[in-house]
Structure formats: structure tokens, C-alpha cells
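Beneath this line is the structure, given in C-alpha cells, with notes to follow.
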Amino acid sequence: VLFAFASAFFAGVTSILAKIGVKDIDSHVATAIRTIIVLIFSWIMVFIIGSQSTIVNIDGKTFLFLILSGLSTGGSWLCYFKALQLGDVNKVVPIDKSSTILTMILAFIFLNEKITIEEITESMTVVSLFVLSEEGLFFCSQNLHKIISTRYLTWLIMSVILHLEQRKRDKKTGSCT
């Protein structure tokens, strides 16, 4: 859970930094520069933790899916940076984050991961709130409304995440809250 919150934090910061970064340059150049930084940082981490020796153990299937994942990530980043360059962060990010539901559906179909109607409903609720915020129902033009709405959305998202985590713990222990 801690890594998930850290990921959300860094993703949020990334969107703001990326929007500023693509302001005066081609979005593809911005993506290439970002990719070089991610590449260098990733390899530094591999060597810091000492996992470089495991590279020889990667089989063909794993390597193929990592390549496909990399191509998918590249496509996503190119589209994301172009969207940020052309639009407002408050409009681009909610649409980008709607991939959560798609990911859950694809994991169910291709990875046979279990998914409950409650999880789908909860995820759709969170994504719907983001979409509503894009339409201006939460992010009004007045700064006070933005602050209040951002706090409310943060509280709502955190509540859903904590609720899901509590349900997982309850299932493990057999208790009910």
C-alpha cells in the first residue's frame, strides 16, 4: 500500500512537471528526454540493489512481454505528453486515469484475476468523480471551490482505498467491519 501511495504521489507530481516541461518544445522530444532519464535512473537502481546478474535468467517469453509492455508504455507516454501539451492537466489526467477500469477488466480476462462487482463499482465511482471533475462539476473557476473539491476528492479516494484494504484484512481474519 505504501508503494501504491508513493506511485500516486509521483504520478501526480509528474503530470505537473510534464505540463511545464512540454510548454515550449515538441511533445515527442519531451517524451524522449523523459525516457532517457527513466532509463538511466532504472539502471542505476538495478546496480544499486545488485540485481544485474539476474538479467541472464530472463527467458524469451518474459523478454517478449517486457518488450511489448515497453512499446505500450512508449505509446502511452507519447499520447500523454501530446495531450498535456494541447490541453489542461485537469482534463488530461482524469481521462488518462480511466485506464484503471480497463486494466481491471483486462486482468480479469487475460490473467484470470478475480474481480467483484463491488470492486468494479468502487473503481467506476472513483473514475466517474474524476470525469465529473473534468466537466467542471468539482473544479469550478473559483480557487476556493478548487481547494475544497480537491480535498474532497482526495478524502473520497483515500476512503475507498482504505475501505478496500480493510475488506482484504477482514477476509483474511474472518471478521466483519
Side-chain angles (χ1 to χ4, degrees), residues 1-131 133-134 157 160-161 164-165 167-168:
V1 175
L2 179 63
F3 287 116
F5 285 122
S7 175
F9 170 77
F10 287 121
V13 171
T14 297
S15 299
I16 302 303
L17 296 173
K19 176 64 177 178
I20 296 167
V22 298
K23 183 178 178 185
D24 297 323
I25 65 170
D26 179 74
S27 63
H28 297 97
V29 172
T31 303
I33 292 169
R34 177 185 179 198
T35 303
I36 291 168
I37 300 305
V38 170
L39 176 71
I40 292 168
F41 183 72
S42 298
W43 279 109
I44 288 171
M45 290 306 299
V46 165
F47 285 103
I48 286 174
I49 65 170
S51 62
Q52 67 273 12
S53 62
T54 64
I55 294 170
V56 296
N57 300 330
I58 299 173
D59 63 34
K61 179 182 175 184
T62 300
F63 200 69
L64 172 66
F65 279 95
L66 290 174
I67 290 170
L68 293 173
S69 173
L71 291 171
S72 181
T73 298
S76 172
W77 286 3
L78 288 168
C79 293
Y80 183 71
F81 268 63
K82 190 63 173 179
L84 280 177
Q85 188 175 46
L86 298 174
D88 294 337
V89 172
N90 288 339
K91 293 183 176 160
V92 172
V93 172
I95 295 169
D96 178 64
K97 297 306 176 195
S98 69
S99 65
T100 303
I101 293 175
L102 176 62
T103 302
M104 292 174 69
I105 293 168
L106 292 175
F108 173 76
I109 294 169
F110 294 109
L111 303 176
N112 297 318
E113 291 188 6
K114 302 225 185 287
I115 187 169
T116 66
I117 205 70
E118 288 176 324
E119 290 169 330
I120 292 172
T121 303
E122 290 165 350
S123 295
M124 287 177 70
T125 301
V126 171
V127 171
S128 296
L129 288 169
F130 278 119
V131 171
S133 70
E134 174 201 346
I157 292 166
V160 169
I161 292 169
L164 290 172
E165 288 301 313
R167 277 198 4 226
K168 287 179 188 176

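Just the heavy atoms: all of them, side chains too, but no hydrogens, waters or symmetry mates, feed the values below. Note that the numbering runs from 1 along the sequence shown for the chain. No experiment lies behind these values; they were computed from the predicted model shown.
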Of all heavy-atom pairs linking Gln52 and Val46, the shortest is OE1-O, 3.4 Å
Hey, mind stepping through Asn57 and Thr54 against side-chain hydrogen bond (donor to acceptor under 3.5 Å, both in side chains) and telling me if it holds? CA-CA 5 Å; Asn57 300 330; Thr54 64; 5.8 Å; no
How many angstroms lie between atom CZ of Phe47 and atom OG of Ser42, to the nearest 0.5 angstrom? 12.0 Å
Which atom pair, heavy atoms only, marks the closest approach of Gly50 to Ser53? O-OG, 4.2 Å
Please round to the nearest 0.5 Å and tell me the distance separating atom CG of Leu78 and atom OG1 of Thr73. 11.0 Å
Exactly one of Leu17, Leu39, Thr14, Val29 clears side-chain contact (heavy atoms from CB on, under 4.5 Å) with Arg34, and that residue is Thr14
Output the distance between atom CG (Asp96) and atom OG (Ser76), rounded to the nearest 0.5 Å. 5.5 Å
Hey, what do you get for CG (Leu66) to CD1 (Ile58), rounding to the nearest 0.5 Å? 6.5 Å
Give the C-alpha distance, both sets of side-chain angles, the deciding distance and a yes or no for side chain to side chain contact (heavy atoms under 4.5 Å, CB included) between Val92 and Lys19. CA-CA 10 Å; Val92 172; Lys19 176 64 177 178; over 6 Å; no
Expected output: side-chain Ser69 to main-chain Phe65 donor-acceptor under 3.5 Å: no
Looking at every non-hydrogen atom in both residues, tell me the closest pair between Val22 and Leu84 and how far apart they are. CG2-C, 4.2 Å
What's the verdict on side-chain hydrogen bond (donor to acceptor under 3.5 Å, both in side chains) for Ser15 and Tyr80, showing C-alpha distance, side-chain angles and the deciding distance? CA-CA 9 Å; Ser15 299; Tyr80 183 71; 2.4 Å; yes
Minimum-distance pair of heavy atoms, taken over all atoms of Gln85 and Ile25: NE2-O, 2.5 Å
Looking at Thr31 and Ser27, would you say the former's side chain and the latter's main chain have a donor-acceptor pair under 3.5 Å? yes
Answer yes or no: is there a donor N or O on one side and an acceptor on the other, between the side chain of Asp59 and the main chain of Thr62, under 3.5 Å? yes
Taking the side chain from Asp26 and the backbone from His28, do they hold a donor-acceptor pair closer than 3.5 Å? yes
